[in-house]
**Q** 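First the structure, which I've put down as structure tokens, then a few questions once you've had a look.
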Amino acid sequence: MMSITHLFLFGALVKYIMGVGNYSMFDDSIGIKVVEEITAKNLDQGFSAIDLSGNLLNIFSYLNEGTEKIIIVDSGEFEITPGEFIWFTPDLVVSTKELTNITSHEGDIIKVLKLAMETGYHLPPIQIMGIQPECIKSEFGLSKTLESNLARYLQVVISKILED
Amino acid sequence: MKKDINVNVHHLTRVEGHGNIVVNIKNGNIEKCEWQVPEAPRFFEAMVRERHYSEVQRITSRICGICSVGHTLAAVKAIEDALGIQVTPQTNKLRRILKHAENFDSHVLHIGVLVAPDLLGAPSVFPLVATHGEVVKLVLRLKRLGHEWGSLLAGRTTHPTTCVPGGFSKIPTKNELVALKEKIIANVDGINALVETVLSLAGKIPDFNRPTEYMAVSNDMEYGMYLGPTVQTIMPDGTKQKYDVHDYRKITNEYVNPRSTAKYCKNKLDCYAAGALARFNNNYDQLYPQAKKIAQALGMKPVCGNPFLNSAAQLIECAHSVYETLDLIEELLVDGIKDEPLVPPKRFGTGASAVEVPRGILFHEYSFDKEGFCTAGNCIIPTGQNHANIQKDFEALVPILIQQDKNEQEMELALSMLVRAYDPCISCSTHYLKVKFVK
């Protein structure tokens, strides 16, 4: 695994899978759980897995010429069956979330990437895996629907990041 | 002028979590003036029960994404206190650098992204890209430095992995420390530029003074951030008093208030303040000279009773963190950074700690059974300690705003700015995406 330390010292070209969400808000934690599972199973070969959690502005550390590709895994309202997911790129959507601003609790990754573009950051190819949650509530864990799909998410996201 | 004013801010923006401002004035008389916190409890203290001591800090770090380093450090310190572990001087130095990274990172975010829009007359940071693009770029650059600074020490700044009871599971190499030092030095010009920006806007910070008690970590060796274990308070007349951290319940005195789902705290007065201004007031003498110089330029000296200047105190602390970190790195390089085994437990009992997180003093306490499993936990977060103080500020500020004949909009802005100045972290919500496809 190439850590930020490696990036810090050598600036190598790296691919990243990043998990976004809130660990204590049930299915909202799915992005973090995907990254956690990748790391726990040592599946991060040929890419680095990053837990961004809610500290979305930290993505700026990876928006540079040294980054080849980023996949962000996040939960969201996509009007699809809970547990299913869709792929999209940031330019395909606009955020319609109310209260949207940049704090660790109000922000969303779409707004942060827009800010990055507007302030001249180098944006590598970014794809978002948006997973439809079944339940968002103040509790650790995942719904049975998302839990039973976790292995599938891992397989799909790893295949995607390793694509040329 | 006797008029009717109704301020009803439901879910104040640019703060962490949810809080409401409700002010009702009828014919010039204040009928209601409240800072309300409607968040539900999250029961982290219950989640750590029956967990092994090696797991506790990983759970409590999830209390907050911004202060996860602070929650990790407070937890490992309390665990080490309970287990009779004394960490090495090298561990303490690395942890102090890590603590500075978190404060720097969070302070830059607060000053540049959450407070600056008020001072520059914008609703959020986004419109500032067009009007003050260079300032936004500067803030993002410094925020990035804070993240990389902390990640080097902790594995990652959001929910650290390497900081564990007894020491570090992984430490930076000599080359990595040298690289960090060079990176910080390369950004000193940016910090100076941020100081200049804030100085140019200082006139827009409201002039308001309400004497209160200030509480912060204290230690003879540092501007109280990490080491402790003493807690100090300073009264408006400058009188200081020290307390042992194990007596933290006697100085926080949590109680329930119907306005808030979070408990209120008080010590000698009916409220006290925690945060950068509390640290500044308590520990001013231990600030680095470069930080004191900024305080002088801002006209700040202890005991400062203007809560709006908490953000200015954060800026002063940014400079302090930079220069103390450079010195700590130098000491580590001179001593030679070396792998050290984790210090094992000597006993299993109860321990407490206090660490300064960006928003103020944070208390953790844990008890463990003879197998090392947690039997009880208690966390008192700084924003909870500040709620009563914010309420008292409201009660003092609103009559002044009435006297100044402020209209509804101006009053709402002043009260919102006041709450934001505390940089409150009320609780957690979600980052759930809600998007519309446009292509």
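Within every chain, numbering begins at 1; the chains are lettered A, B, ... in the order of the sequence lines, protein sequences first and strands thereafter.
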**Q** How long is the straight-line distance from CG of B/Leu128 back to OG1 of A/Thr119, given to the nearest 0.5 Å?
**A**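 The CG atom of B/Leu128 is 12.0 Å from OG1 of A/Thr119, to the nearest 0.5 Å.
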
**Q** Can you establish whether the number of heavy atoms outside A/Lys160 located under 6.0 Å from its atom NZ is more than 12?
**A**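 Check passes, neighbour count above 12.
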
**Q** With only heavy atoms counted, which part of A/Ile32 is less than 4.5 Å from chain B, the side chain, the backbone, both or neither?
**A**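 The answer is the side chain of A/Ile32.
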
**Q** With rounding to the nearest 0.5 angstrom, report the NE2 to CG distance, B/His147 to A/Leu52.
**A**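 Output value for this atom pair is 7.5 Å.
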
**Q** Quick check for you: to the nearest 0.5 Å, what is the distance between A/Glu139 atom CD and B/Met47 atom CE?
**A**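 Going from CD on A/Glu139 over to CE on B/Met47, the span is 8.0 Å.
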
**Q** To the nearest 0.5 Å, what is the distance between NZ (A/Lys114) and CZ (B/Phe126)?
**A**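 CZ of B/Phe126 is found 7.0 Å from NZ of A/Lys114.
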
**Q** Checking A/Tyr121 against chain B: side chain, backbone, both or neither under 4.5 Å from a heavy atom?
**A**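 Side chain of A/Tyr121 only, per the 4.5 Å heavy-atom cut-off to chain B.
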
**Q** For the CZ atom of B/Arg58 and the OH atom of A/Tyr23, what is their distance to the nearest 0.5 Å?
**A**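 It is 9.0 Å, given to the nearest 0.5 Å.
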
**Q** Heavy-atom distances under 4.5 Å only: say whether A/Ile59 touches chain B with side chain, backbone, both or neither.
**A**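 For A/Ile59, there is no contact with chain B at all, as no heavy atom is under 4.5 Å.
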
**Q** Assess whether atom CZ of B/Arg51 is packed by more than 12 heavy atoms of other residues, nucleotides or ligands within 6.0 Å.
**A**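 Atom CZ in B/Arg51 is not crowded, with 12 or fewer foreign heavy atoms closer than 6.0 Å.
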
**Q** Nearest 0.5 angstrom please: B/Ile59 CD1 to A/Ser24 OG, how far?
**A**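 Here the rounded value is 12.5 Å.
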
**Q** So with a 6.0 Å cut-off around CD of A/Glu163, is the heavy-atom count from everything else above 12?
**A**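 More than 12 within 6.0 Å, yes.
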
**Q** What closest approach, in Å, do B/Arg144 and A/Leu63 show between heavy atoms, and which atom pair accounts for it?
**A**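 Smallest interatomic distance, heavy atoms only, reads NH1-O, 4.3 Å.
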
**Q** Looking only at non-hydrogen atoms, find the nearest pair between A/Asn55 and B/Lys143 and report the distance.
**A**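 Smallest interatomic distance, heavy atoms only, reads OD1-NZ, 4.3 Å.
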
